[in-house]
Amino acid sequence: MKQDLRRFKAEIFQALAHPTRIAIVEALRGGEMSAGQLIGQLGLEQANASQHFAVLRTKQVIINRKEGNQVFYSLRDPALVEVLDILKRYFYSQLSETMSMLKEIRKR
């Protein structure tokens, strides 16, 4: 069971291992958006966006639905946004520690 959970976590992190895919997830934090809206908001090329959408769908990070000729995307589980928020806090914590070390070095 532990190994299955670790594998699952690794797959999610693999899906999020590209800044564009993280940007897509963050854009979807407010709810469903069309592919066109995401592409426009994030300034993506259509082909590039399609590849990122495919990775996120395959890893079950996002889900999609079709309405006419439009495709709409949403997060499979909004809890993933909490994970990204925790990583943001972790980043700022690391940055803060680095800044403190730099201040100490300057004092010397």
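It should be emphasised that the depicted structure is a prediction, and the values quoted were computed from it without experimental measurement. Nothing fancy with the numbering, it's 1 onward along the sequence. Note: hydrogens, waters and symmetry copies are ignored here, and every other heavy atom, side chains too, is used.
By the criterion of side-chain heavy atoms lying less than 4.5 angstrom apart, applied directly or through intervening Ile, Leu, Val, Met, Phe, Trp or Tyr residues, V55 is not grouped with F8; the two fall into different hydrophobic clusters. Placement of F72 and L80 in two distinct hydrophobic clusters is found when ILVMFWY residues are connected by side-chain heavy-atom separations under 4.5 Å, directly or transitively. V61 is connected to L42 through a chain of hydrophobic side-chain contacts under 4.5 Å among Ile, Leu, Val, Met, Phe, Trp and Tyr, so both are in one cluster.
Counting only heavy atoms from C-beta outward, the side chains of F13 and E11 never approach each other to under 4.5 Å. In this structure, I24 and F53 have side chains that are in contact, with non-hydrogen atoms separated by less than 4.5 Å. Taking the side chain as every heavy atom from C-beta outward, N48 and H52 approach each other to under 4.5 Å. Side-chain atoms of V81 and E26, non-hydrogen and from C-beta on, never get closer than 4.5 Å to each other. Looking at heavy atoms from C-beta onward, L38 lies in side-chain contact with L28 at the 4.5 angstrom threshold.
Here the rule is side chain to side chain contact (heavy atoms under 4.5 Å, CB included) with R76, and of I62, I63, L56 only I63 fits it. Exactly one of Q94, K88, R89 qualifies for a side chain to side chain contact (heavy atoms under 4.5 Å, CB included) with Y92. That residue is K88.
One distance of note links CD1 of I39 with OG of S50; it measures 6.0 Å at 0.5 Å rounding. To the nearest 0.5 Å, the span separating CD on E32 from CG on L75 amounts to 10.5 Å. Atom-to-atom distance recorded for S34:OG and N69:CG is 10.5 Å, nearest 0.5 angstrom. Note: Q51 CD to R21 CZ = 9.5 Å, rounded to the nearest 0.5 Å.
In summary, the side chains of Y73 and R65 do not present any donor paired with an acceptor at a separation below 3.5 Å, with no hydrogens or angles considered.
Annotation for E45: atom CD does not count as buried by contact number, only 12 or fewer foreign heavy atoms lying within 6.0 Å.
For the pair D4 and R7, the salt-bridge criterion is met [side-chain N within less than 4.0 Å of a carboxylate O].
Distance alone, capped at 3.5 Å, is enough to place a donor-acceptor pair between the T58 side chain and the A54 backbone.
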